[in-house]
2 protein chains.
Amino acid sequence: MDTKSLCLGALSLGDATGYEIKKIFEEGSFSHFYDAGYGSIYPALNKLLADNLVTCIEIEQEGRPAKKVYSLTDAGLAALKADLSKKPMRDKMRSESITMMFFGHLLEKPHREEILQSYIEYFRDGCDCIENIDPTGQPNGRRFARGLGLAVYEAAATYLEENKDLLLSDDKAGAETNVAEVTGDAA
Amino acid sequence: MDTKSLCLGALSLGDATGYEIKKIFEEGSFSHFYDAGYGSIYPALNKLLADNLVTCIEIEQEGRPAKKVYSLTDAGLAALKADLSKKPMRDKMRSESITMMFFGHLLEKPHREEILQSYIEYFRDGCDCIENIDPTGQPNGRRFARGLGLAVYEAAATYLEENKDLLLSDDKAGAETNVAEVTGDAA
DNA sequence: TTGACAGTATATCGAAACGATATATATCAA
DNA sequence: TTGATATATATCGTTTCGATATACTGTCAA
């Protein structure tokens with residue numbers, strides 16, 4: 001499951017350009033679970049083309065540069081199915097916001113509050129964005145992804161809202177390693 | 001917020017070796033939000049050493065090769081605080097499991113069920129793991145991260161359990177692009 | 001009417017991270 | 001005694017990230 005498979009998967013839904021492939025995963029309910037940049041997609045498409053897993057037709061356009069529309073080949077569909085039959089790797093996530101909160105004792109309170117507030121908004125915006133997607137008529141896989149995304153974002157937003165005092169208040173218990181630093185540090 | 005900052009943050013909690021730094025983020029409530037491999041940590045420590053943001057003392061050990069214990073310098077602490085004062089990047093996550101479900105119409109039902117079941121277990125195990133961490137005496141930042149991790153994992157596991165039929169049943173509505181393929185494809 | 005801005009579309013580059021692997025030793029259980 | 005697990009450092013090739021360049025279109029306001 002790398003960018004090559006992601007492109008194959010996108011093309012299994014219909015022919016597309018590299019730009020459109022990015023849009024598929026950028027918009028809609030899916031962007032929260034996987035995304036890839038052009039720096040990954042275009043090289044991936046070139047490799048797929050070299051391996052005859054996709055074909056490409058250049059469509060000339062008036063004025064604009066030609067667009068390259070990619071299509072899945074039979075071999076490409078087989079390769080995709082083979083890849084989907086593998087065991088998925090465990091989820092990976094990277095949250096700089098939470099990492100910063102982890103070291104919250106080194107941050108000034110106003111900045112902590114600022115980060116936390118924009119983090120809450122980030123999840124609330126995510127909820128709104130997902131809710132605006134109409135699931136009717138979509139295949140089950142996409143309905144499922146939409147629902148899961150919504151459930152997780154809602155849970156995160158709610159937790160953040162209900163527990164923000166935990167981060168905004170000063171440490172009282174614990175932090176035995178840093179007691180000296182905390183008391184002596186006003187920078 | 002890259003691996004260098006992650007190492008500085010770890011060292012702000014106390015001196016450590018590269019191996020121990022990995023352990024800090026691998027175990028405990030934090031592993032779900034950020035992790036780094038040795039292929040990132042050791043080069044990061046070398047760069048930090050070159051920039052005088054950390055110091056290193058080699059401790060000889062009987063039999064075993066010498067261990068390198070790193071310590072944060074004043075400049076290192078300043079650099080960490082400077083980095084923490086920046087606006088965090090938005091969360092990134094990559095879920096191969098959900099990506100596979102997104103293309104679920106190409107998967108055989110037993111395999112779909114298998115992936116889904118191990119995905120549920122993955123989140124339930126995650127919940128158990130987090131619940132086993134005693135939050136008492138820990139600084140607020142870590143208590144917060146623990147609670148958020150638990151809330152999100154719980155929400156994901158619950159959603160998966162309650163909606164798995166959505167993936168295990170066949171598509172009835174929608175999928176207008178693939179109708180021909182679906183009906184003609186039993187491979 | 002022009003100029004700024006957003007959108008469409010392809011492409012590349014250096015830096016960073018990933019995943020696997022190698023090395024060496026100790027300990028503990030089957 | 002074989003195998004597994006833990007401690008500990010390190011590298012290597014591949015992949016991905018993020019930023020940027022190019023170039024044309026449409027649009028909306030000053």
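Chain letters run A, B, ... following the sequence lines, proteins first, then strands; residues in each count from 1.
The interatomic distance linking B:Tyr38 (OH) with D:dG13 (P) rounds to 22 Å, in whole Å. Separating the CG atom of A:Asp35 from the P atom of D:dC17 is a distance of 7 Å, rounded to the nearest angstrom. If you take NZ of B:Lys22 and C1' of C:dA20, they are 13 Å apart, rounded to a whole angstrom. C:dG19 atom C1' lies 8 Å from atom CE of A:Met89, rounded to whole Å. Protein atom CG of A:Leu49 is 13 Å distant from nucleotide atom P of C:dT10, rounded to whole Å. Straight-line distance from the CZ atom of A:Phe25 to the P atom of D:dT16: 13 Å, rounded to whole Å. Taking atom CD of B:Glu20 as the reference point, atom P of D:dA10 lies 14 Å away to the nearest angstrom. Rounded to an integer number of Å, the gap from B:Met93 CE to C:dA17 P is 19 Å.
A sub-4.0 Å separation between OP1 or OP2 of C:dA11 and a side-chain N or O of A:Lys67 is absent. Contact check, A:Ser40 against D:dT15: no side-chain N or O comes under 4.0 Å of OP1 or OP2. An OP1 or OP2 oxygen of C:dT10 is reached within less than 4.0 angstrom by a side-chain nitrogen or oxygen of A:Thr17. An OP1 or OP2 oxygen of D:dT9 is reached within less than 4.0 angstrom by a side-chain nitrogen or oxygen of B:Tyr42. For the OP1/OP2 pair of D:dT7 and a distance below 4.0 Å, the side-chain nitrogens and oxygens of B:Tyr19 include at least one atom meeting the criterion. Listed pair A:Arg94 / D:dT16 fails the phosphate criterion, with no side-chain N or O lying under 4.0 Å from OP1 or OP2. Side-chain N/O atoms of B:Lys68 include one lying less than 4.0 angstrom from OP1 or OP2 on D:dA10.
Nucleic acid contact for B:Gly18: sugar-phosphate only, since backbone atoms but no base atoms lie under 4.0 Å from a heavy atom of the residue. Using a 4.0 Å heavy-atom criterion, one finds that A:Lys92 contacts the sugar-phosphate atoms exclusively.
Bending across the helix from C:dT1-D:dA30 to C:dA30-D:dT1, expressed as the angle between its end axes from five pairs apiece, amounts to 30° (10° rounding).
Here the closest non-hydrogen pair linking B:Ser97 and A:Asp91 is OG-OD1, 4.2 Å.
Within a 6.0 Å sphere centred on NZ of A:Lys87, other residues, nucleotides and ligands contribute 12 heavy atoms or fewer.
Ion pair B:Glu154/B:Arg124 flagged as a salt bridge, since at least one NZ, NE, NH1 or NH2 atom sits closer than 4.0 Å to an Asp/Glu carboxylate oxygen.
Geometrically, B:Arg142 engages A:Phe102 in a cation-pi contact defined by less than 6.0 Å to the ring centre and at most 45° from the axis. A cation-pi contact, defined as under 6.0 Å to the ring centre and within 45° of the axis, is absent between B:Lys67 and B:Tyr19.
Mapping A:Gly39 and B:Gly39 onto DNA chain D by nearest heavy atom places B:Gly39 closer to the 5' end of the strand. If you find the closest nucleotide of DNA chain D to A:Thr3 and to B:Asn46, the one lying nearer the 5' end belongs to B:Asn46.
Atom CG in A:Asp83 sits 10.5 Å away from atom OG1 in B:Thr99 (nearest 0.5 Å).
Here the two rings, on A:Tyr159 and B:Phe144, have centers that are under 6.0 Å apart.
Side-chain atoms of A:Asp51 never come within 3.5 Å of backbone atoms of A:Leu53 as a donor-acceptor pair (strictly under, hydrogens ignored).
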